[in-house]
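Atoms within each ligand, like the ligands themselves, are counted from 1 in listed order. All residue numbers in this chain count up from 1 along the given sequence.
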Amino acid sequence: INIILLGPPGAGKGTQARRLVEERGMVQLSTGDMLREARNSGTEMGKRVAQVMDRGELVTDEIVIGLIREKLAGGGNGFIFDGFPRTLAQADALADLLDEVGQPLDAVIEMRVDDEALVNRITKRFTCGDCGEVYHDETKPTAKDGVCDVCGSSDLKRRADDNEDSLKTRLLEYYKKTSPLIGYYYAKGKLSTVDGLGEIDAVAGEISGVLDKG
Ligand code: AP5
Ligand code: ZN
């Protein structure tokens with residue numbers, strides 16, 4: 001099955017996507033991760049989007065649709081779309097792309113978290129530069145200081161856009177451009193909403209409930 005995880009910055013999309021990869025062998029397609037990878041490897045596109053991302057604005061539809069198109073062309077199923085689509089144009093493009101490869105869109109899971117919690121989550125997040133595991137200073141620290149629990153790397157880092165200024169812009173972008181997708185998918189009968197404020201395990205349980213029902 002193919003699903004979209006929809007929610008504001010810090011809602012826990014990446015955290016839950018990684019669990020679904022572990023537990024169900026699904027494939028995570030995070031446009032945020034793809035864009036960061038492009039930046040780190042210094043591609044032309046990566047250089048072009050770096051400042052836009054650091055400000056917290058959305059990059060162009062054309063770029064992210066191109067990234068997703070490449071991945072879907074590779075085949076497979078059980079995709080988790082994480083951080084994509086983020087605009088109505090991207091949602092329409094995804095519908096076309098899935099049609100082209102003969103894949104359904106089974107569910108759109110909206111993860112609801114209030115703004116106050118989002119600020120705490122984002123400003124206290126850090127990630128492993130090697131395996132991508134996501135941590136939080138308070139709710140999910142590493143067992144041993146400075147070392148990733150999963151892969152043992154000491155390359156733990158914070159994102160350039162995880163500061164209060166960029167977060168403000170990211171939230172505005174979400175409410176203006178992405179939240180209309182909630183109505184869009186509701187109208188298509190695809191929307192399920194989960195309470196993203198619970199503990200990581202509780203949220204995972206709610207998401208499993210949605211997937212196993214369908
Ligand atoms: P992207 O990388 O997609 O960032 P985002 O949407 O802002 O989402 P985040 O990764 O910040 O949060 P998340 O929901 O994954 O939360 P996480 O699991 O990490 O996008 C970055 C930028 O790239 C955009 O601003 C834009 O410029 C560009 N971009 C990307 N896609 C694009 C697109 N489609 N179109 C245009 N531009 C695009 O969790 C956050 C923290 O909370 C962690 O510390 C975690 O440990 C903790 N946590 C998670 N769950 C819980 C819980 N249940 N309880 C307590 N703590 C929790
Ligand atoms: Zn790691």
Quick one: does R55 get a heavy atom under 4.0 Å from ligand 1? no
A side-chain contact here means heavy atoms from C-beta on lying under 4.5 Å apart; do M34 and I68 qualify? yes
Heavy atom under 4.0 Å from ligand 1: found in I200's side chain, backbone, both, or neither? both
So which heavy atom in the protein is nearest atom 37 (N) of ligand 1, and how far is it from that ligand atom? V59 N, 3.1 Å
Salt-bridge criterion met for R170 and D162 (N-O under 4.0 Å): yes
Can you tell me the protein heavy atom closest to atom 19 (O) of ligand 1 and the distance? R125 NH1, 2.6 Å
At less than 4.0 angstrom from any non-hydrogen atom of H136, what atoms of ligand 1 do you find? 44 (O), 46 (O)
Just heavy atoms, cut-off under 4.0 Å: does I122 contact ligand 1 by side chain, backbone, both, or neither? side chain
Which residue is it: I182, L181, V194? I am looking for the one with a side chain to side chain contact (heavy atoms under 4.5 Å, CB included) to E110. I182
When you check the gap from the basic side-chain N to the acidic O, do R69 and E62 get nearer than 4.0 Å? no
Can you confirm whether L29 sits close enough to L67 that some side-chain heavy atom of one is under 4.5 Å from a side-chain heavy atom of the other? no
Please determine which of R121, R125, R158 meets the salt bridge (Lys or Arg N to Asp or Glu O under 4.0 Å) test together with D137. R158
So for ligand 1, is S30 a polar contact partner (N or O within less than 3.5 Å, distance only)? no
How far is atom 16 (O) of ligand 1 from its nearest protein heavy atom, and which residue and atom is that? G12 N, 3.2 Å
Among side-chain atoms of D130 and S153, is any donor-acceptor pair under 3.5 angstrom? yes
So is there a nitrogen or oxygen of G83 less than 3.5 Å from a nitrogen or oxygen in ligand 1? yes
Report yes or no: do V21 and I4 belong to one cluster of Ile/Leu/Val/Met/Phe/Trp/Tyr joined by side chain heavy-atom distances under 4.5 Å? no
Where the closest heavy atom to atom 6 (O) of ligand 1 is concerned, which of R86, R170, M53 has it? R86
So which bit of Y135 gets within less than 4.0 Å of ligand 1, heavy atoms only: side chain, backbone, both or neither? backbone
Where is the nearest protein heavy atom to atom 28 (C) of ligand 1: which residue, which atom, and how far? L35 CD1, 3.6 Å
Check ion pair D54-R159 (N to O, under 4.0 angstrom): no
Is the contact between R36 and ligand 1 made by the side chain, the backbone, both, or neither, using heavy atoms and a 4.0 Å cut-off? side chain
Pairing of D115 and K168 as salt bridge, 4.0 angstrom limit: no
Is a salt bridge present between E37 and R39, judged by a nitrogen-to-oxygen distance below 4.0 Å? no
Under 3.5 Å, N or O to N or O, is T15 touching ligand 1 that way? yes
Mind checking what makes salt bridge (Lys or Arg N to Asp or Glu O under 4.0 Å) contact with D149, not counting sequence neighbours? none
Give the residue and atom name of whichever protein heavy atom lies nearest to atom 27 (O) of ligand 1, and the separation in Å to one decimal. E57 O, 2.6 Å
Looking at G10, G32, G7, the heavy atom closest to atom 12 (O) of ligand 1 belongs to G10
With a 4.5 Å cut-off on side-chain heavy-atom distances among I, L, V, M, F, W and Y, is there a chain of contacts connecting L20 to I200? no
What is the nearest protein non-hydrogen atom to atom 8 (O) of ligand 1, stated with its residue, atom name and distance? K13 NZ, 3.2 Å
Cationic tip of K188 above Y186 ring, under 6.0 Å, 45° of axis: no
At a non-hydrogen distance cut-off of under 4.0 Å, which region of T139 contacts ligand 1 (side chain, backbone, both, or neither)? side chain
Nearest non-hydrogen protein atom, atom 15 (O) of ligand 1: G14 N, 2.8 Å
Leaving waters out, which protein N, O or S atoms fall under 2.8 Å from the Zn ion (ligand 2)? C128 SG, C131 SG, C148 SG, C151 SG
When you measure from atom 53 (N) of ligand 1 to every protein heavy atom, which one gives the shortest distance, and what is it? G198 O, 2.8 Å
Selected option - heavy-atom contact closest to atom 50 (N) of ligand 1, from R121, Q90, M111, R18: R121
How does K124 reach ligand 1, if at all, at less than 4.0 Å between non-hydrogen atoms: by side chain, backbone, both, or neither? neither
Between the side chains of R18 and D82, is the shortest nitrogen-to-carboxylate-oxygen separation below 4.0 Å, so that they form an ion pair? no
Please tell me whether R24 and S208 have a donor and an acceptor in their side chains that are separated by less than 3.5 angstrom. yes
Nitrogen or oxygen of Q16 less than 3.5 angstrom from that of ligand 1: no
Do I80 and V27 touch side chain to side chain, with heavy atoms closer than 4.5 Å? no
